[in-house]
*Asks:* 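Dumping the structure here so I can ask a few things about it.
Note on naming: letters A, B, ... go to the chains in the order of the sequence lines (proteins, then strands), and numbering restarts at 1 for each one. Just so we're clear, the structure is a prediction, and the values are computed from it rather than from any experiment.
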2 protein chains.
Amino acid sequence: MKFQIQRDRLVDGVNDVIKAVSSRTAIPILSGIKITAHDEGITLTGSDSDISIESFIPKEEDGKEIVNVEQTGGIVLQAKFFESIVKKLPLDTVEIEVHSHLQTVIRSGKSEFNLNGQDVSEYPRLPEIEEDSVLKIPTNLLKTMIRQTVFAVSASETRPILTGVNWTVEDGMLNCVATDSHRLAMRKAPINGGNGEPYKAVIPGKSLNELNKILDDTADETEIVMTENQVLFRAKHVLFFSRLLEGNYPDTSRLVPSESKTEMTIGGKDFLQAIDRASLLAREERNNVVKLHISEEGGVQISSNTPEIGKVVEEVQSDATTGEELTISFSAKYMMDALKVLEGAETNIQFTGAMRPFVLRPTGDDSILQLITPVRTY
Amino acid sequence: MKFQIQRDRLVDGVNDVIKAVSSRTAIPILSGIKITAHDEGITLTGSDSDISIESFIPKEEDGKEIVNVEQTGGIVLQAKFFESIVKKLPLDTVEIEVHSHLQTVIRSGKSEFNLNGQDVSEYPRLPEIEEDSVLKIPTNLLKTMIRQTVFAVSASETRPILTGVNWTVEDGMLNCVATDSHRLAMRKAPINGGNGEPYKAVIPGKSLNELNKILDDTADETEIVMTENQVLFRAKHVLFFSRLLEGNYPDTSRLVPSESKTEMTIGGKDFLQAIDRASLLAREERNNVVKLHISEEGGVQISSNTPEIGKVVEEVQSDATTGEELTISFSAKYMMDALKVLEGAETNIQFTGAMRPFVLRPTGDDSILQLITPVRTY
């Protein structure tokens with residue numbers, strides 16, 4: 001294998017695939033990056049066997065040469081060293097050449113590295129995915145949907161299925177739901193493609209977080225192929241594979257209350273800041289629980305009190321309140337997570353009593369829903 | 001105590017004094033910030049008993065009112081809570097008022113905090129310093145001198161005196177020296193003021209790092225008062241006190257070789273980058289030792305070799321080399337620290353053999369000196 005490549009393109013590719021590489025891997029060769037030079041250009045691969053990422057660097061783009069392959073072939077190089085080397089090389093172009101005994105020379109200007117490589121044939125194969133049908137969604141919408149749900153997955157492995165986000169596709173709608181059993185986040189949006197069949201998949205939260213880092217914020221479509229136990233995302237020059245979580249995701253549709261006893265409409269940004277301040281004096285070890293009071297006259301107050309430190313009271317300007325007087329306590333962290341997703345929009349909150357989960361939605365928009373279970377404070 | 005204050009000025013003051021506050025303090029009241037309201041304005045104080053910082057916020061500046069003191073007095077408030085509260089308050093102005101039982105109300109718009117305060121009379125007094133003579137130096141020069149020496153102090157407490165920087169003032173020159181016994185950094189510059197007497201002080205590296213964060217990068221002068229066991233730095237609106245280290249600083253003047261057997265002049269920036277790359281394949285646990293070879297013909301090569309990983313060779317363009325052929329090994333980290341201080345300037349390096357310390361100076365400038373002890377590698 002021997003090729004010359006534009007260094008910035010190599011750095012971009014390494015930055016993508018290294019997100020799948022874990023330094024703590026049971027399969028030693030997976031601590032490396034697979035590099036293959038072929039007739040179309042260079043392909044880089046990183047994997048931790050749950051997530052696999054493949055980045056393709058074409059020989060030329062827009063009539064400009066990016067890669068010159070002198071001899072095809074492949075090698076696996078230690079990800080950590082390869083990454084820091086390519087980032088620090090002195091010139092804009094790099095030459096990589098494999099000599100005998102897997103010795104790999106990386107050359108740029110008067111800098112010459114000689115790395116011990118590993119045999120490319122020992123690198124695990126990527127999952128094979130049959131592309132009988134492909135779903136398509138604008139990449140920036142996909143990123144938003146990930147961001148609006150993935151934070152609510154469970155951080156605990158006691159119920160592994162809850163560490164994933166439940167994706168279902170039906171009648172041209174993609175519906176994403178995450179819950180850690182204390183709160184729930186839902187987002188839905190239209191999706192293109194597919195063969196008319198319904199799809200479902202529980203995608204690990206970790207995979208979606210890494211995917212979100214790799215995808216560019218563009219309106220170009222990302223292609224999605226879902227199979228029994230794998231999902232493939234295909235964006236420009238990047239393939240992202242993730243295994244799916246096994247097991248049945250709980251039916252969350254019945255968690256959302258259908259009626260409400262108290263309702264309030266509020267500016268999301270001011271409310272977020274008031275909750276943030278009120279949480280300053282709440283105990284961290286108890287999830288920063290704060291208290292919300294809606295008076296019969298429609299006044300809204302947030303407060304918290306830790307006797308050793310002090311107390312705080314925030315009066316909040318509500319656009320409208322209806323229904324019963326209410327005093328309810330909840331995790332300030334969960335409330336702030338939910339409000340951040342709503343991005344400061346005017347927000348409608350529906351309560352059905354101090355002990356029942358309550359629901360946040362942007363006013364006049366039912367494509368997003370956030371549900372939070374209150375905390376008992378007696 | 002009762003006053004109203006511009007919030008941004010209060011935040012600035014808290015940001016300064018909190019640098020002296022340690023959460024792990026043997027004296028509980030020192031986890032607080034002392035606030036006093038007096039006829040001239042507001043004074044904030046933070047201290048960990050080694051370092052004390054006082055920030056003054058005047059009643060008005062440039063004809064604009066900053067503070068309105070309704071009632072003078074003082075209180076001590078938990079630094080951690082007070083800091084996060086003032087940063088997040090909703091309006092541009094804040095009112096702070098002490099009620100009975102040290103209850104302190106912090107109010108901004110519809111946000112109201114009630115903090116348990118501590119009695120200001122229990123807060124330790126700042127060191128009293130007799131200002132019989134004051135030294136003066138431009139603040140940006142002071143910051144540069146700190147940066148160019150403090151990195152070389154010892155991180156180990158085995159010889160406590162080496163955790164400080166040795167400052168001496170004689171004949172209108174301030175001389176700063178730091179060494180961890182493996183390398184040494186020296187910087188000198190003219191200083192104004194004083195009463196003609198020589199001064200000396202060993203200032204803890206930690207104090208100088210904190211001082212450097214607080215000082216603005218301005219040509220305005222900072223005043224310095226040195227006493228037997230304290231040093232005071234006075235900049236606009238800020239007083240910074242530090243205790244001094246006790247004991248005699250070793251005589252470092254004889255460490256610097258007076259002759260050289262091999263000499264090289266080199267571009268500091270390219271050399272730094274080449275060392276950085278060569279260090280990538282050197283063992284971290286051994287301070288990333290790299291090897292420098294100067295051939296009889298004047299060629300300069302940096303290399304490192306870790307058999308399990310690979311090797312690297314860097315050819316470096318030298319502006320001039322004279323004297324004997326040389327192969328020498330040293331810590332890449334120490335070399336990079338020294339080269340960073342020289343800020344990419346053309347650098348002259350003088351060697352007196354593979355086992356003797358060598359000296360770096362910017363070409364034609366003897367106000368800065370960096371000395372590094374080589375490493376045996378057989």
*Asks:* Is the side chain of A:Thr25 donor-acceptor paired with the backbone N or O of A:Ser22 at a distance under 3.5 Å, no angle test?
*Replies:*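 No, the answer is negative, given that no donor and acceptor are paired below the 3.5 Å cut-off.
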
*Asks:* Which one of B:Lys87, B:Gln103, B:Lys80, B:Glu315 has the most heavy-atom pairs closer than 4.5 Å to chain A?
*Replies:*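 Between B:Lys87, B:Gln103, B:Lys80, B:Glu315, the count favours B:Glu315.
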
*Asks:* With only heavy atoms counted, which part of B:Pro90 is less than 4.5 Å from chain A, the side chain, the backbone, both or neither?
*Replies:* both

*Asks:* Identify which part of A:Phe81 has an atom lying under 4.5 Å from any heavy atom of chain B, answering side chain, backbone, both or neither.
*Replies:* side chain

*Asks:* Report which part of B:Gln273 has an atom under 4.5 Å of a heavy atom belonging to chain A: side chain, backbone, both, or neither.
*Replies:*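 No part of B:Gln273 comes within 4.5 Å of chain A.
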
*Asks:* With a 4.5 angstrom heavy-atom cut-off, which part of A:Glu308 approaches chain B: side chain, backbone, both or neither?
*Replies:* backbone

*Asks:* Among A:Met336, A:Met335, A:Glu343, whose side chain to side chain contact (heavy atoms under 4.5 Å, CB included) with A:Leu339 holds?
*Replies:* A:Met335

*Asks:* Between B:Gln4 and B:Glu70, do the side chains contain a donor N or O and an acceptor N or O under 3.5 Å apart?
*Replies:* yes

*Asks:* Given heavy-atom pairs under 4.5 angstrom as the criterion, report whether the side chain, backbone, both or neither of B:Glu314 touches chain A.
*Replies:*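 Answer is both: backbone and side chain atoms of B:Glu314 are under 4.5 Å from chain A.
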
*Asks:* Using a cut-off of under 4.5 Å for heavy-atom pairs, which of B:Leu77, B:Ile309, B:Val316, B:Ile85 has the most such pairs with chain A?
*Replies:*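 That would be B:Ile309.
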
*Asks:* Charged N to carboxylate O below 4.0 Å: is that the case for B:Arg107 and B:Glu95?
*Replies:*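 Counted as a salt bridge, because a side-chain N and a carboxylate O are separated by less than 4.0 Å.
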
*Asks:* Only pairs of heavy atoms separated by less than 4.5 Å count here; which of A:Asn116, A:Leu280, A:Thr104, A:Leu281 has the most with chain B?
*Replies:* A:Asn116

*Asks:* Would you say A:Asn288's side chain and A:Ala282's backbone share a donor-acceptor pair under 3.5 angstrom?
*Replies:* yes

*Asks:* Please walk me through it: do B:Asn305 and B:Lys291 pass side-chain hydrogen bond (donor to acceptor under 3.5 Å, both in side chains)?
*Replies:* CA-CA 9 Å; B:Asn305 184 2; B:Lys291 187 187 284 183; over 6 Å; no

